[in-house]
Amino acid sequence: DGGITQSPKYLFRKEGQNVTLSCEQNLNHDAMYWYRQDPGQGLRLIYYSQIVNDFQKGDIAEGYSVSREKKESFPLTVTSAQKNPTAFYLCASRGGLNTEAFFGQGTRLTVV
Amino acid sequence: GQSLEQPSEVTAVEGAIVQINCTYQTSGFYGLSWYQQHDGGAPTFLSYNALDGLEETGRFSSFLSRSDSYGYLLLQELQMKDSASYFCAVTGSARQLTFGSGTQLTVLP
């Protein structure tokens, strides 16, 4: 079945540690996105990528980094520079600008 | 940059019709889309408008006026399962997909 997979579903880390969230899709989509969602809030764009080996900062990129070495994969690293990393992280992909975005089930990151 | 505004909360009764408005500001415009998200879940696509007018998909319809930078989602024959958050989203010239802050819809029996 085609889809987009995020892992793990829940992640706990100690403050000061970097952590990498996985996002994999087998939909053959060029574009991939990372969003952060805080309780009761909307989706805020962190990074996005339109094509392999290229990505752009979104609205809240500080403290995060990404790579896009393969079309299928778009991992997000939450670095120790991110001041308030505890949140729900959502990855999405879409095949074109006028098509629907498909979301993974999200990763809930808790930093203690 | 891009920004979208939508009401934070809407309440309606089962069987009623509700309209969720969205106004946007964007550099370039590729279309306005709508997504539904239940608590704790992933957003799912509902509707998309690239041109002015009304798009109908079952009980859900979406409208766009590009000259007014305005759109709305219309939900008819409301059901309890429609209680969720609804987001409008826009793609601009930088090709990012930007979401509004969401509208929490509560459907009462």
Side-chain angles (χ1 to χ4, degrees), chain A residues 2-7 9-10 21 23 25 27 29-51 54-61 66 68 74 87-110, chain B residues 1-9 20 22-51 55 57 60 62 64 66 73 84-106:
Chain A
I4 181 165
T5 302
Q6 290 186 242
S7 61
K9 188 172 183 179
Y10 298 95
L21 281 58
C23 179
Q25 54 97 0
L27 299 167
H29 287 169
D30 286 317
M32 298 187 74
Y33 306 82
W34 272 107
Y35 296 91
R36 169 183 173 138
Q37 188 174 35
D38 294 287
Q41 303 297 312
L43 284 68
R44 291 187 290 168
L45 182 63
I46 305 172
Y47 269 98
Y48 63 107
S49 169
Q50 298 295 320
I51 197 169
D54 189 38
F55 49 82
Q56 291 77 38
K57 292 181 179 180
D59 299 317
I60 57 165
V66 293
R68 187 82 187 278
F74 191 40
F88 185 43
Y89 291 88
L90 286 158
C91 179
S93 71
R94 62 177 179 173
L97 297 178
N98 296 335
T99 62
E100 67 178 281
F102 292 84
F103 283 83
Q105 290 304 305
T107 294
R108 291 195 181 278
L109 173 65
T110 302
Chain B
Q2 300 182 137
S3 65
L4 300 95
E5 287 193 17
Q6 51 182 128
S8 59
E9 296 178 345
I20 299 174
C22 174
T23 58
Y24 60 86
Q25 291 184 323
T26 179
S27 300
F29 179 79
Y30 284 96
L32 184 72
S33 49
W34 291 90
Y35 290 79
Q36 178 192 61
Q37 185 184 33
H38 286 97
D39 279 348
T44 55
F45 174 81
L46 292 175
S47 188
Y48 172 80
N49 296 72
L51 302 175
E55 293 285 340
T57 309
F60 294 172
S62 59
L64 174 66
R66 289 175 295 169
L73 179 69
S85 292
Y86 292 84
F87 297 89
C88 55
V90 66
T91 300
S93 58
R95 305 189 172 200
Q96 72 273 48
L97 180 60
T98 301
F99 284 76
S101 55
T103 299
Q104 177 66 49
L105 170 64
T106 301

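The chains referred to below are lettered A, B, ... by the order of the sequence lines, with proteins before strands, and numbering in each begins at 1. All values below were derived from every heavy atom in this structure, side-chain atoms included, with hydrogens, water molecules and symmetry-related copies excluded.
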Exercise for review: For A:Leu97, look at atom CG and say whether over 12 heavy atoms of other residues, nucleotides or ligands are found less than 6.0 Å away.
Suggested key: yes
In terms of heavy-atom pairs under 4.5 Å with chain B, the winner among A:Gln6, A:Gln41, A:Arg94 is A:Arg94
Between the OH atom in A:Tyr33 and the CZ atom in B:Phe99, the distance rounded to the nearest 0.5 Å is 9.0 Å
Expected contact set for residues 23-35 of chain B against chain A at heavy-atom separation under 4.5 Å reads B:Tyr30, B:Tyr35
*asked:* Could you check whether atom CG of A:Asp54 has more than 12 heavy atoms from other residues, nucleotides or ligands sitting under 6.0 Å from it?
replied: yes
Minimum side-chain heavy-atom gap A:Leu45-B:Gln2 below 4.5 Å: no
message = Do B:Tyr48 and A:Asn98 make a side-chain contact, defined as non-hydrogen atoms from C-beta onward lying under 4.5 Å apart?
response = yes
Applying a strict 4.5 Å limit to non-hydrogen atoms, the region of A:Phe102 in contact with chain B is neither
(Q) What I'd like to find out is whether the side chain of B:Phe45 reaches to under 4.5 Å of the side chain of A:Thr99, using heavy atoms alone. (A) no
Under 4.5 Å to a heavy atom of chain A? For B:Gln37 that would be side chain
Honestly, the part of A:Leu43 sitting under 4.5 Å from a heavy atom of chain B is both
Of the listed B:Ala50, B:Ala94, B:Gly100, B:Gly102, the one with the largest count of heavy-atom pairs under 4.5 Å with chain A is B:Ala94
Bottom line for A:Gln37: the part with an atom under 4.5 Å from chain B's heavy atoms is side chain
Nearest heavy-atom approach of A:Gly104 to B:Ala42 is O-CB, 3.1 Å
Of the listed A:Gln105, A:Gln50, A:Gln56, the one with the largest count of heavy-atom pairs under 4.5 Å with chain B is A:Gln50
